[in-house]
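Note: hydrogens, waters and symmetry copies are ignored here, and every other heavy atom, side chains too, is used. In this text, all values refer to a predicted model and were calculated from it rather than measured experimentally.
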Amino acid sequence: MMSRNKGEKVERLAAEVRRQFGAETVTRFLRTLPAFRTEADLPDRFRELLDRLDGAEGGDVGLRRR
């Protein structure tokens, strides 16, 4: 069982990690890495699912992937 103080530290750390991964500079850097780039010949069904995921993450359904 976690103490209250440790639980708060874990929550703050999780919030900080989410904040940093959501930063535009990190997003731009990750897009340069092959593992995080989508293939040009990605099937339409998968591209639609990725677009929906982007929309759910950003709160804007239907956002197009760059």
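Legend: residues meeting side chain to side chain contact (heavy atoms under 4.5 Å, CB included) with L33, ordered by chain and number and at least two apart, are F29, L30, F36. The side chain to side chain donor-acceptor pair (under 3.5 Å) test applied to E16 returns R19, Q20, not counting sequence neighbours.
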Could you check R28 against E24 for side-chain contact (heavy atoms from CB on, under 4.5 Å), going step by step and ending with a plain yes or no? CA-CA 6 Å; R28 199 169 35 249; E24 181 61 31; 3.3 Å; yes
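Checking each of D54, L50, L49 against R52 for a side chain to side chain contact (heavy atoms under 4.5 Å, CB included) leaves exactly one that passes, namely L49.
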